[in-house]
Amino acid sequence: TPARQLTPRKTRQLIMNVAKSGYRVFSANSTPACTELSKKITERLGVELGKSVVYQESNRETRVEIKESVRGQTIFIIQTIPRDVNTAIMELLIMAYALKTSCAKNIIGVIPYFPYSKQCKMRKRGSIVCKLLASMLAKAGLTHLITMDLNAIIVAKSPSAAKRAQSYAERLRLGLAVMHGEAQCSESDMADGRHSPPCVRNTIGHPGLELPCKQQAPFPGIELPIMMAKEKPPITVVGDVGGRIAIIVDDIIDDVEDFVAAAEILKERGAYKIYIMATHGLLSADAPRLIEESAIDEVVVTNTVPHEVQKLQCPKIKTVDVSMILAEAIRRIHNGESMAYLFRNITVDD
C-alpha cells in the first residue's frame with residue numbers, strides 16, 4: 001500500500017487536533033542540539049513544535065517571546081543544557097514564567113540532564129544548589145519535571161552503587177562485580193583539613209609536650225596520643241571479571257579520572273573489553289584525550305547533553321538517542337497513565 005501523503009488540508013487538521021488535545025511542546029532554546037531533540041520528540045508524538053523565539057540581546061540578557069496562545073493548555077518545555085549552563089537555566093526560567101503569565105494550565109519541564117545535580121549535598125560549608133534550582137523552577141511556574149538517569153550498573157565503581165548494579169545485572173542476566181576502596185585525596189580535599197589529622201603545635205601544659213592544635217591537655221604532665229589520619233583501603237574488585245566484557249554504568253561522566261582508574265584495575269584483573277555507559281556525557285576539560293589514551297574501549301552516552309565536539313576529538317564516544325523515552329513520558333503524563341509502567345516494560349531493544 002503506498003504511503004499516504006500529508007496534504008495541506010490534513011496538515012491543518014493535524015494542527016487543530018493538537019490544539020484540541022490540550023497540550024503543546026516548546027523548545028527552550030534554538031541551539032542545534034535542543035532543536036534536533038525537540039523535533040524528534042514532536043515527530044514521535046505526531047504534534048508540531050510550539051512557536052516561540054528565544055534569543056540573547058546585545059547586553060547578554062535573555063528574551064523569550066511566545067508566538068501563540070497557550071491558555072488552558074498543558075505545556076512541555078524541552079531544554080538541553082549546553083556548555084553555558086547558567087544561560088540555559090535563565091532561558092528555562094523565563095520561558096516558564098512567560099507561559100505561566102499566559103495562563104497555561106500546567107507547565108512541565110523536560111530537562112534530560114538536570115543542571116547542578118552533582119551539588120545535591122551539603123559539603124565544605126557550601127550550599128545545596130540543586131535544591132535552590134528546583135525552588136526557582138517551581139517559583140517560575142513549573143508544575144512537574146521530567147529528567148533522566150540510568151539506574152543500572154554491571155561493574156559498580158563503589159559499594160554504594162551495588163544496588164543499581166544488581167538491578168541491571170539481574171535484568172540482563174549477567175554477573176556482578178563491585179569495586180571497593182578509594183583513590184587518594186585531591187589537593188583541595190587535603191587543604192580543607194577535614195580528612196587529615198589536626199596540625200601539631202606547642203600548647204600550654206607539660207614542658208616539651210606537643211599536642212594537636214584542637215587537643216588540650218586535661219592534666220599537666222599527662223601525654224595524650226597523637227591522632228593519626230585514617231588510611232584508605234586500595235581499590236579492589238569483588239567478583240570475577242577475567243575474560244569478560246566489563247560494563248560500568250553511571251548517571252554522569254564528566255571528569256573521567258575515576259573511570260580511567262577503574263578501567264586500569266579491570267584490565268589488570270583480566271577484563272576482555274571495558275565499556276562505560278552514562279546517561280549524561282558532559283566530558284569536560286581533557287576527558288576526550290584521557291579516554292582515547294586509556295584502556296576504555298568505548299564510552300556510550302545519550303543525547304541529553306550536546307557533545308559533538310568531544311566526539312570529534314575521541315572516536316570511542318558513541319551516542320544513543322533518547323527521544324523515544326521522552327516522547328512516551330510526555331504522552332503518559334498528559335493522558336494520566338502510569339510512569340512506572342514505562343520503566344518496568346521498556347525493552348532492551350528500546
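One-based numbering along the sequence shown. Quick note: numbers below take in every heavy atom, side chains included, and nothing from hydrogens, waters or symmetry partners.
- Below 30°, between 30° and 60°, or above 60°: for Tyr23 and Phe76 the angle between ring planes is above 60°, a perpendicular geometry.
- Between the side chain of Thr147 and the backbone N or O of Ile111, at least one donor-acceptor pair lies under 3.5 Å.
- Note on Tyr55: it does not cluster hydrophobically with Leu49, by side-chain heavy-atom contacts below 4.5 Å among ILVMFWY residues.
- Counting heavy atoms of neighbouring residues, nucleotides and ligands inside a 6.0 Å radius, atom OH of Tyr272 does not exceed 12 of them.
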| request: Any chance you could lay out the side-chain contact (heavy atoms from CB on, under 4.5 Å) test for Leu37 and Asp321, step after step, and finish with the verdict? | output: CA-CA 8 Å; Leu37 181 60; Asp321 180 31; 4.3 Å; yes

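- Taking the side chain as every heavy atom from C-beta outward, Pro112 and Thr302 never approach each other to under 4.5 Å.
- The heavy-atom pair separating Leu45 from Ala327 by the smallest distance is CD2-O, 3.3 Å.
- Between Glu57 and Arg63 there is a salt bridge, since a side-chain N of the basic residue sits under 4.0 Å from a carboxylate O of the acidic one.
- For NZ of Lys311, the number of neighbouring non-hydrogen atoms (other residues, nucleotides, ligands) closer than 6.0 Å is greater than 12.
- The salt bridge (charged side-chain N to carboxylate O under 4.0 Å, His left out) contacts involving residues 322-341 comprise Glu328-Arg331, Glu328-Arg332, Arg331-Glu337, Arg332-Glu337, where partners must be two or more places apart or lie in separate chains.
- When all heavy atoms of Ala263 and Ile274 are compared, the pair lying nearest together is O-CD1, 3.1 Å.
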Check residues 86-100 and write down every donor-acceptor pair under 3.5 Å in which the side-chain atom is one partner and the other belongs to a residue at least two apart or another chain.
| residue | atom | partner | partner atom | Å |
| --- | --- | --- | --- | --- |
| Asn86 | OD1 | Tyr116 | OH | 2.7 |
| Thr87 | OG1 | Asp84 | OD1 | 3.1 |
| Thr87 | OG1 | Asp84 | OD2 | 2.6 |
| Glu91 | OE1 | Gln79 | NE2 | 3.2 |
| Glu91 | OE2 | Gln56 | NE2 | 3.4 |

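- Closest of all the heavy-atom pairs between Pro288 and Gln310 is CG-CG, 3.7 Å.
- Residue Arg44 holds its CZ atom at 9.5 Å from CD1 of Ile325, rounded to the nearest 0.5 Å.
- At distances below 3.5 Å, not a single donor-acceptor pair connects side-chain atoms of Gln73 with backbone N or O atoms of Ala104.
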| request: Applying side-chain contact (heavy atoms from CB on, under 4.5 Å), run through Ser102 and Arg71 and close with a yes or a no. | output: CA-CA 6 Å; Ser102 298; Arg71 181 180 297 274; over 6 Å; no

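- Inter-residue side-chain proximity for Phe259 and Ile291 is flagged as unmet; no heavy-atom pair is nearer than 4.5 Å.
- In this structure, OH in Tyr275 is found 5.5 Å from CD1 in Ile245, a value given to the nearest 0.5 Å.
- Atom CD1 of Ile317 sits about 10.5 Å away from atom CD of Glu298, to the nearest 0.5 Å.
- Looking at Met148 and Leu326, their side chains come closer than 4.5 Å, going by heavy atoms from C-beta outward.
- Here Lys131 contributes atom NZ and Met136 contributes atom CE; the two are 15.0 Å apart, rounded to the nearest 0.5 Å.
- Cys34 and Ile78 make their closest contact through SG-O, 3.6 Å (heavy atoms, listed as atom of the first residue, atom of the second, distance).
- Side chain of Asp254 to main chain of Ser284: a donor-acceptor pair is present (N/O by atom type, distance under 3.5 Å, no hydrogens or angles).
- Under a 3.5 Å cut-off, the side chain of Ser117 and the backbone N or O of Phe114 do form a donor-acceptor pair.
- For the pair Asp251 (side chain) and Ala278 (backbone), a donor-acceptor distance under 3.5 Å is absent.
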| request: Carefully, step by step, assess Lys40 and Glu36 under the rule salt bridge (Lys or Arg N to Asp or Glu O under 4.0 Å). | output: CA-CA 6 Å; Lys40 288 181 178 180; Glu36 181 182 0; 3.5 Å; yes

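- At a threshold of 4.5 Å between non-hydrogen side-chain atoms, the residues Val110 and Ile77 do not count as touching.
- Across all their heavy atoms, Thr279 and Thr304 have their closest contact at O-OG1, 3.4 Å.
- Atom CD of Glu264 sits about 7.0 Å away from atom CD of Glu268, to the nearest 0.5 Å.
- Listed for the His307 side chain is no donor-acceptor partner under 3.5 Å among the backbone atoms of His280.
- In this view, Glu292 satisfies the salt bridge (Lys or Arg N to Asp or Glu O under 4.0 Å) rule with no residue, not counting sequence neighbours.
- Side-chain contact between Glu48 and Thr42 is absent, with no heavy atoms from C-beta onward closer than 4.5 Å.
- Looking at Thr143, its side chain never comes within 3.5 Å of a backbone N or O of Asn106 through a donor-acceptor pair.
- From Asp255, atom CG reaches atom CG of Leu283 across 10.0 Å, with rounding to the nearest 0.5 Å.
- The two residues Lys67 and Val53 have their closest heavy-atom pair at CE-CG2, 3.6 Å.
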| field | Chi angles and distances behind the side-chain contact (heavy atoms from CB on, under 4.5 Å) call for Leu142, Ile108 | value | CA-CA 6 Å; Leu142 288 186; Ile108 302 173; over 6 Å; no

| task | Just do the side-chain contact (heavy atoms from CB on, under 4.5 Å) check on Val25 and Ile75 with the steps written out, would you? | result | CA-CA 6 Å; Val25 180; Ile75 306 300; over 6 Å; no

